[in-house]
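Read the structure below first, then the notes.
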Amino acid sequence: METAPQPIHELEAQRRANRDAAAALGFLPYGERVDGLMTLAGARCRYDEAADRAHQEAAKAPPPGFVDARPTVKVAGRVMLLRDNGKLLWLNLRDDTGDLQTAISQKDADEASFGLAKTLDLGDVIVVEGRLMRTRTGEITAWASRVSMGAKCLEQPPEKHAGLTDPELRYRRRYVDLHANPETMRAFHRRSALVRRARRWLDERGYLEVETPMLQVQAGGAAARPFKTHMNALDMTLYMRIAPELYLKRLLVGGMRRVYEINRNFRNEGLDRNHNPEFTMLEAYEAFGDVHTMMALTEGLIRELAREIAEEEEQNPLRRPRFTGGDHFGKTLGEVFDNHRYYFDHIYTLQDQFFQSLPDEIWRVLRHLKDKNDAPNFVLMNRQEHKGPIPLKIPFGDLAIDYGSPFVRAEYGDLFQRALGFPMTDAARARAEAKARGLKHEGLDHWLIVNELFEEVAEPTVDPSRPTFITGYPSAISPLTRPRPGDPTLADRADLFIGGMEIAPHYTELNDPDVQAAKFREQLAGLDEEENTFRTFDEDFILALKVGMPPAGGMGLGVDRLMMLLTNQRTIRDAVLFPLMRPVE
RNA sequence: GAGGGCGUAGCUCAGCCCGGUAGAGCAGCGGACUUUUAAUCCGUUGGUCGAGGGUUCGAAUCCCUCCGCCCUCACCA
C-alpha cells in the first residue's frame with residue numbers, strides 16, 4: 001500500500017533547504033567512506049599539553065622555524081549543541097564513546113568548510129579534521145581545518161537539556177534515545193561488555209558455545225505457552241522455542257562435555273516489567289556435574305560480572321583507572337601492562353576524572369607507547385590486587401545488592417516451615433491454609449498447593465539484597481530434574497533469587513529415560529485441552545536418553561534480568577534495545 | 001484481566017478543580033557577535049489540545065466511547 005505523501009513540516013522544510021545549501025557548496029549531504037577516523041574519546045585523549053602550550057607561545061612571538069606539534073585528529077559525530085558566534089562556531093559532537101567540542105573558525109577552516117558549517121543543524125552527523133587544543137576555559141577542542149557531511153538530519157532533535165524522557169518515545173525510537181541520552185548508550189555498552197565477559201568466562205572453563213533450533217516441531221523444556229507459526233514448504237506447524245534445554249541435553253548424549261547457548265527464547269505470555277515475550281537466556285550443561293557444580297559456576301560468573309560493574313565506580317576500592325588510545329594494538333599493550341602490574345581488558349570510554357588522576361607510572365608507559373606509534377587508540381585499566389573480603393555492592397532501586405559475600409543457600413522446605421509454621425508435607429494444613437488465604441487450591445495437587453503457598457508466603461521472606469539459592473524444590477514441580485536419592489519427593493534443583501527476581505534455576509539433570517518418560521506422561525495427563533494442542537510427548541528426547549546421557553548439571557540464566565540488576569534498570573524494557581510495543585496506527 | 005494515572009508546539013512542560021477561541025522554556029526563522037560550552041543580546045514564526053461522540057450560546061477544560069503509554073495488582077514452572 002502506497003502511503004499518501006505527507007505535507008512537509010515547516011521545520012523539516014528548513015532543514016531540507018540547509019541540505020540543499022550544503023549540496024550547492026559541493027558536499028554530499030549523506031557523506032561517503034572515510035578512512036582513519038578515530039573515536040571522540042580516542043581523539044580527546046591524544047591532546048598534547050606541551051604542544052598546545054608551545055603553539056600558544058608561538059602565537060605571541062613566533063620563534064623562527066616553529067612547527068605546530070599539536071596532534072591532528074579526524075573524527076565524526078552528531079552535532080548535539082551548536083553555538084554560532086558569527087565568524088566562529090562551537091559545536092559539541094557526540095559518538096558512542098563520548099562528546100568532543102569542535103570549533104570552526106572562518107580564519108582557520110577552508111572556505112567551503114566554513115560555508116558548510118553555516119548550514120548545519122542540530123542532529124547532523126559531520127566529519128571534522130583539525131588540531132587538538134584547549135580553550136581558555138579548559139575544554140579540549142578539535143579546532144577544525146576541514147569539515148564535511150556524514151548525514152543530514154531532517155528531524156528536529158529532542159530538547160537539549162531534558163533530552164528524550166517520554167518512555168514511549170524512548171522505546172519506539174531507540175535510535176533517538178541512544179544519542180540523546182548517554183545513559184542509555186552506556187547501559188547497552190555495558191550489556192554488551194557483560195555478555196562478552198560471560199562468554200569468555202565460560203570459554204575459559206571449557207564450555208563450548210552452540211546454537212540449537214529456535215524453530216521447533218514441539219516446544220519443550222519449559223511449561224510456557226509458545227508462539228506458533230507455519231512452514232509452507234513442509235506444510236507443518238512449527239513453534240518458536242520456549243527453551244533450548246532438550247536440544248542441549250541431546251548434545252551431552254552426543255558427547256559434548258560442556259555446552260552453553262546464549263540466545264533468545266519466546267514465550268507467548270503476558271508482558272510486564274520483568275517479562276518481554278522474547279528474552280535472552282544463557283543455558284549451560286556440564287557432564288558429570290550436578291546442581292552444586294552449576295551453583296558454583298553461576299555464583300562465580302555473577303560475582304565476576306558484578307566486579308566488572310563495580311570497578312567502574314570511582315568509590316570502589318577495586319576500581320581500575322582507565323584511559324583510551326588505540327584499539328588495534330590492545331594485545332601488545334596488554335603484555336606491556338601485565339609486566340607493569342596493570343591489567344588490560346576491553347575498550348572503555350575515557351573518563352576525565354580517571355584520566356586526570358592517573359599515576360605517573362602509567363603516564364610514563366603511555367608516553368613510551370605514544371613515541372612508538374603516533375596514533376594510540378586504546379583503553380587500559382589497572383587492576384589492584386585486593387586482599388580480604390570483597391566489598392561488592394551494586395545498587396538496584398532502593399536496594400544495595402551484596403554480590404561479594406557468599407550467596408545464601410536456603411532449603412525450600414525450611415523456608416516453608418519457617419514462614420508457614422508447619423511442614424510442607426502436611427497436606428491437610430496446606431490445603432486449609434491455601435483456602436484461608438484465598439489462593440488457588442481446588443482440584444490442585446498437594447505439591448502445587450505447597451508451591452502456591454511458598455510463592456505467596458515464603459518467597460517474600462528471602463532477603464532481596466542477598467543473592468539466594470533456594471534448594472530442594474518439590475520433585476512434582478520439577479519434571480526434568482533428578483529426584484534426591486534420599487528423598488524422592490524433593491528434586492536436586494536450586495533457584496537463584498536476586499532483588500526479588502528469579503534469575504536462574506539449576507538442576508541435577510534427570511537422565512534415566514524411563515523415569516523421564518513417566519514424568520512426561522504424568523505431566524501430560526494433567527493438561528487442559530488448550531495446552532494439549534502444543535504440549536506433546538517428546539519421543540525423540542526419550543530416544544536420546546536411551547542412548548545414554550551422562551549425569552549432568554544444568555542451569556539457565558535470565559540474561560535480561562541480570563542486566564537489569566547489574567545496570568540498575570527497573571524494567572526489562574531498559575535492558576532490551578527494542579522491547580515489543582504495540583504498533584501505532 | 002482489574003484499578004489508578006497520563007496524552008497540549010519538534011522536545012520538556014504549564015493551563016483542566018472553577019467552561020469564555022492556546023501559554024512558557026528549548027529548538028526554528030531574521031539580525032549582532034572569533035574562546036563559547038544550557039553561549040549571550042534584539043526581533044519573530046509555530047498547535048485538528050490522542051481520536052470520535054455528547055452536554056452547553058460557548059469545551060483543552062465537564063460526560064461517554066475508543067486508541068496509545070505508564071504504575072499497582074492479578075496471570076506467568
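The sequence lines fix the lettering, A, B, ..., with proteins before strands; numbering per chain opens at 1.
- Checking B/rG43 for Watson-Crick or G-U wobble geometry (two distances, each under 3.5 Å) identifies B/rC29 as its partner.
- The structure places OG1 of A/Thr508 at 6.5 Å from NE2 of A/His292, a figure rounded to the nearest 0.5 Å.
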Quick one: which protein N/O atoms are closer than 3.5 Å to N/O atoms of nucleotides 50-52 of chain B? Pair and distance per line, please.
none

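- The closest donor-acceptor contact from the side chain of A/Arg482 to the backbone of A/Ala491 lies at 3.5 Å or more, if one exists at all.
- A/Phe537 and A/Phe520 have their aromatic ring centers within a separation under 6.0 angstrom.
- Taking atom CD of A/Gln569 as the reference point, atom C1' of B/rC70 lies 16 Å away to the nearest angstrom.
- B/rA60 and B/rA14: their C1' atoms are spaced 12 Å apart (whole Å).
- Computed from coordinates, the A/Leu169 CG to B/rG7 C1' distance equals 11 Å when rounded to whole Å.
- Nucleotide B/rG7 has B/rC67 as its partner under the Watson-Crick or G-U criteria, with both atom distances under 3.5 Å.
- Counting any heavy atom pair closer than 4.0 Å across all strands shown, A/Arg573 reaches sugar-phosphate atoms only and no base atom.
- Checked against side-chain hydrogen bond (donor to acceptor under 3.5 Å, both in side chains), A/Asp84 has the following partners two or more places apart in sequence or in another chain: A/Lys118.
- Distances shown here put every side-chain N or O of A/Arg83 at or beyond 4.0 Å from the OP1 or OP2 atom of B/rU35.
- Base contact: A/Arg136 has a heavy atom under 4.0 Å from a base atom.
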Could you write out each protein N or O paired with an N or O of nucleotides 24-28 of chain B at a distance under 3.5 Å?
unit_1, atom_1, unit_2, atom_2, d
B/rC26, O3', A/Lys160, NZ, 3.4
B/rA27, OP1, A/Lys160, NZ, 2.6
B/rA27, O2', A/Gln156, NE2, 2.2
B/rG28, O2', A/Gln14, OE1, 2.1
B/rG28, O2', A/Gln14, NE2, 3.4

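- Atom name P, nucleotides B/rC49 and B/rC11: the rounded distance is 15 Å, in whole Å.
- The salt bridge (Lys or Arg N to Asp or Glu O under 4.0 Å) test applied to A/Glu522 returns no partner, not counting sequence neighbours.
- With P as the reference atom, B/rG23 and B/rU45 are 12 Å apart, rounded to whole Å.
- B/rG10 atom P lies 12 Å from atom CZ of A/Arg173, rounded to whole Å.
- For A/Arg582 and B/rC69, the shortest distance from a side-chain N or O to OP1 or OP2 is below 4.0 Å.
- Checked by atom type and distance alone, the side chain of A/Asn181 never pairs as donor or acceptor with a backbone atom of A/Leu178 at under 3.5 Å.
- Using a 4.0 Å heavy-atom distance criterion, A/Asn85 is classed as a base contact.
- Qualifying salt bridge (Lys or Arg N to Asp or Glu O under 4.0 Å) partners for A/Arg437, counting only residues two or more places apart in sequence or in other chains: A/Glu433.
- In this structure, the CD atom of A/Gln101 is 13 Å from the P atom of B/rU35, given to the nearest Å.
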Tabulate protein N/O versus nucleotide N/O from nucleotides 74-77 of chain B, keeping only pairs under 3.5 Å, one per line.
unit_1, atom_1, unit_2, atom_2, d
B/rC75, N4, A/Asp272, OD2, 3.3
B/rC76, OP1, A/Lys440, NZ, 3.1
B/rC76, O2, A/His275, NE2, 2.7
B/rA77, N6, A/Gln523, NE2, 2.3
B/rA77, N1, A/Gln523, NE2, 3.2

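- B/rA59 sits 14 Å from B/rG52 when the P atoms are compared, rounded to a whole Å.
- For A/Asp177, the salt bridge (Lys or Arg N to Asp or Glu O under 4.0 Å) test picks out A/Arg170, A/Arg174, with sequence neighbours left out.
- Distance CG (A/Asp84) to P (B/rG31): 11 Å, rounded to an integer number of Å.
- Considering only side-chain atoms of A/Thr165, the nucleotide from B/rG10, B/rU12, B/rU35 that sits closest is B/rU12.
- The main-chain N or O of A/Met281 is never found under 3.5 Å from a side-chain atom of A/Asn265 such that the two would form a donor-acceptor pair.
- For residues 97-116 of chain A, the pairs satisfying salt bridge (charged side-chain N to carboxylate O under 4.0 Å, His left out) are A/Arg94-A/Asp99, with sequence neighbours left out.
- Distances shorter than 4.0 Å separate some side-chain N or O of A/Arg172 from OP1 or OP2 on B/rC69.
- Going from the P atom of B/rU8 to that of B/rA51 covers 10 Å, rounded to whole Å.
- Residue A/Thr571 is in sugar-phosphate contact alone, with no base atom involved, counting any heavy-atom pair closer than 4.0 Å across all strands shown.
- Toward the 5' end of RNA chain B, the nearer of the two residues A/Leu88 and A/Leu580, judged by each one's closest nucleotide, is A/Leu88.
- When the side-chain hydrogen bond (donor to acceptor under 3.5 Å, both in side chains) test is applied to A/Asn451, the partners found at least two apart in sequence or on another chain are A/Tyr412, A/Glu455.
- With sequence neighbours excluded, the residues that form a side-chain hydrogen bond (donor to acceptor under 3.5 Å, both in side chains) with A/Glu261 are A/Thr212, A/Arg241.
- Not one side-chain nitrogen or oxygen of A/Ser105 sits closer than 4.0 Å to the OP1 or OP2 atom of B/rU34.
- Pair assignment for B/rA14 gives none, since no Watson-Crick or G-U wobble pairing has each distance under 3.5 Å.
- Checked against side chain to side chain contact (heavy atoms under 4.5 Å, CB included), A/Phe66 has the following partners two or more places apart in sequence or in another chain: A/Ala54, A/His55, A/Ala58, A/Pro63, A/Asp68.
- As rounded to the nearest Å, B/rC62 and B/rG20 have P atoms that lie 11 Å from one another.
- Rounded to whole Å, the C1' atom of B/rC76 lies 23 Å from the corresponding atom of B/rG4.
- Not counting sequence neighbours, A/Asp512 has no partner by the side-chain hydrogen bond (donor to acceptor under 3.5 Å, both in side chains) test.
- Atom pair A/Asp166:CG and B/rA9:P shows a separation of 11 Å (rounding to whole Å applied).
- The listed nucleotides are B/rG68, B/rU12, B/rU36; the one nearest the side chain of A/Ala162 is B/rU12.
- The nucleotide B/rG58 finds no pairing partner, because no Watson-Crick or G-U wobble arrangement with both distances shorter than 3.5 Å includes it.
- A donor N or O paired with an acceptor N or O is found under 3.5 Å between the base of B/rU36 and the side-chain atoms of A/Thr135.
- Nucleic acid contact for A/Arg570: none, since no nucleic acid atom lies under 4.0 Å from a heavy atom of the residue.
- No donor-acceptor contact under 3.5 Å links the side chain of A/Glu139 to the base of B/rU36.
- Comparing B/rC26 with B/rC73, their C1' atoms sit 39 Å apart, to the nearest whole Å.
- No donor-acceptor pair closer than 3.5 Å links the side chain of A/Arg46 to the backbone N or O of A/Gly42.
- If you measure from atom CG of A/Asn92 to atom P of B/rU35, you get 16 Å, rounded to the nearest angstrom.
- Between A/Leu164 atom CG and B/rC13 atom P the separation is 10 Å, expressed in whole Å.
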